[in-house]
Amino acid sequence: MKDASGLPQSLLVLGGTSEIALATARRLIARRTRTVWLAGRPSPALESAAAKLRLLGADVHTVPFDALDPESHETVLGKVFAEGDVDLVLLAFGVLGDQANDEREPAAAVRVAQTNYTGAVSAGLIAAQALQAQGHGSLVVFSSVAAERARRSNFIYGSSKAGLDAFAQGLGDALHGTGVHVMVVRPGFVRTAKTAGREETPPTTTPEEVATAVELGLRRRSETVWAPGVLRAVMSALRHLPRGLFRRLPL
């Protein structure tokens, strides 16, 4: 169960090799989290991530999970929740895709959409049902600042995150008053291995800084968290720019 500060004892990470999710897990383990489930495709990277968290004192398990196989989600998540209550679920999987390639290869674009949106809808609904059944818990959904307004440079990724963002907000409204808390996290450009070599769009941030924002959001039971916080004002301005002007910005 969570303590008075809203921080969890048990944690399920959907996307168990996500650098942002792992930074969040490390931060929470340093506070009070003791049981962690890392769900992801079986790989040395997943096992390495689990081993590193164990060194911090947590009881860490790995479970095979594939965002592109929604038919398996109920079984996989059901096994985790059958082991005991889960205080926090981090929905942290996703792919950036390659905009130029994905425009030429529609099948690749569909894969981005299926991973970031369809897979997330499936896993998010199943996790939410399990949290509601136990009567408590939080679902943290990692969206993106790209969800706020489609940009020419990444509209395939951005549109998939926009769908995820809208889904998570609606899910939060549907679960209001049930004891289940849904929080949407909108990071800007995060320096990770996944974004290495890509042109940075300021203001940039790090996995550790996003993790700090997540912890603060959990303590406050926030519904939306921006990382860094200045993006709230930046995106409010960009969202209301006339389309012709927005199109000409170097974004």
Side-chain angles (χ1 to χ4, degrees), residues 1-3 5-69 72-95 115 119-120 122-124 126-131 133-134 136-142 180-183 185 187 190-194 206-219 225 227:
M1 293 290 289
K2 297 178 184 178
D3 59 16
S5 67
L7 299 183
Q9 287 188 356
S10 53
L11 167 65
L12 167 61
V13 179
L14 300 175
T17 58
S18 160
E19 291 184 50
I20 299 173
L22 290 172
T24 303
R26 290 193 296 271
R27 189 170 186 88
L28 295 175
I29 291 170
R31 303 301 185 264
R32 71 187 303 270
T33 300
R34 291 296 170 262
T35 303
V36 179
W37 292 83
L38 296 182
R41 290 179 177 173
S43 67
L46 185 65
E47 295 304 324
S48 175
K52 290 176 181 177
L53 294 183
R54 292 186 187 108
L55 292 176
L56 300 179
D59 181 19
V60 184
H61 312 270
T62 60
V63 59
F65 172 82
D66 186 347
L68 292 174
D69 184 16
S72 69
H73 292 177
E74 192 165 2
T75 299
V76 171
L77 272 64
K79 289 179 179 178
V80 174
F81 279 89
E83 294 293 324
D85 284 5
V86 175
D87 297 327
L88 172 62
V89 178
L90 297 182
L91 201 161
F93 59 82
V95 293
T115 302
S122 169
I126 293 168
Q129 291 168 3
L131 293 172
Q134 69 185 23
H136 71 93
S138 292
L139 172 63
V140 172
V141 178
F142 286 99
V180 180
H181 166 227
V182 178
M183 185 170 81
V185 181
V190 185
R191 297 188 189 99
T192 66
K194 186 188 295 186
T206 66
E208 290 73 24
E209 290 168 340
V210 178
T212 300
V214 170
E215 180 189 349
L216 181 59
L218 289 172
R219 290 184 184 275
V225 169

Between CZ of R26 and CD of E208, what distance do you get to the nearest 0.5 Å? 5.5 Å
Closest heavy-atom pair and its distance - A227, V210: CB-CG2, 4.0 Å
Over all heavy atoms of both residues, which pair between V214 and M183 is shortest? Give the atoms and the distance, please. O-CE, 3.7 Å
Can you tell me how far the CG atom of L218 sits from the CG atom of L88, to the nearest 0.5 Å? 5.5 Å
CG of L91 to CZ of F142: how many Å apart, nearest 0.5 Å? 9.5 Å
More than 12 heavy atoms of other residues, nucleotides or ligands under 6.0 Å from CD of Q134: yes or no? yes
Closest heavy-atom pair, H136 versus D87, reported as atoms and distance to 0.1 Å, is CE1-OD1, 3.0 Å
Return the minimal non-hydrogen interatomic distance between P8 and T33, and the atom names on each side. O-OG1, 2.7 Å
Distance from R31 atom CZ to L7 atom CG, nearest 0.5 Å? 8.0 Å
Donor-acceptor list for residues 57-68 side chains, cut-off 3.5 Å, not counting sequence neighbours:
residue : atom : partner : partner atom : Å
D59     : OD2  : H61     : NE2          : 3.3
T62     : OG1  : E47     : OE2          : 3.2
D66     : OD1  : R41     : NE           : 3.4
D66     : OD1  : R41     : NH2          : 3.2
D66     : OD1  : L68     : N            : 2.9

Heavy-atom closest pair, residues P207 and R191: CD-O, 3.4 Å
Which atom pair, heavy atoms only, marks the closest approach of S10 to V86? OG-CA, 3.4 Å
Nearest 0.5 Å, please: how far is CG in L28 from CG in L53? 10.5 Å
Hey, is E215 close enough to R219 for a salt bridge, meaning N to O under 4.0 Å? yes
Check against side chain to side chain contact (heavy atoms under 4.5 Å, CB included), F81 and V89: CA-CA 11 Å; F81 279 89; V89 178; 4.0 Å; yes
Side-chain atoms of residues 12-24: list all donor-acceptor pairs with protein atoms under 3.5 Å, sequence neighbours left out, distances to 0.1 Å.
residue : atom : partner : partner atom : Å
S18     : OG   : I20     : N            : 3.4
S18     : OG   : A21     : N            : 3.1
E19     : OE2  : A193    : N            : 2.7
T24     : OG1  : I20     : O            : 2.9

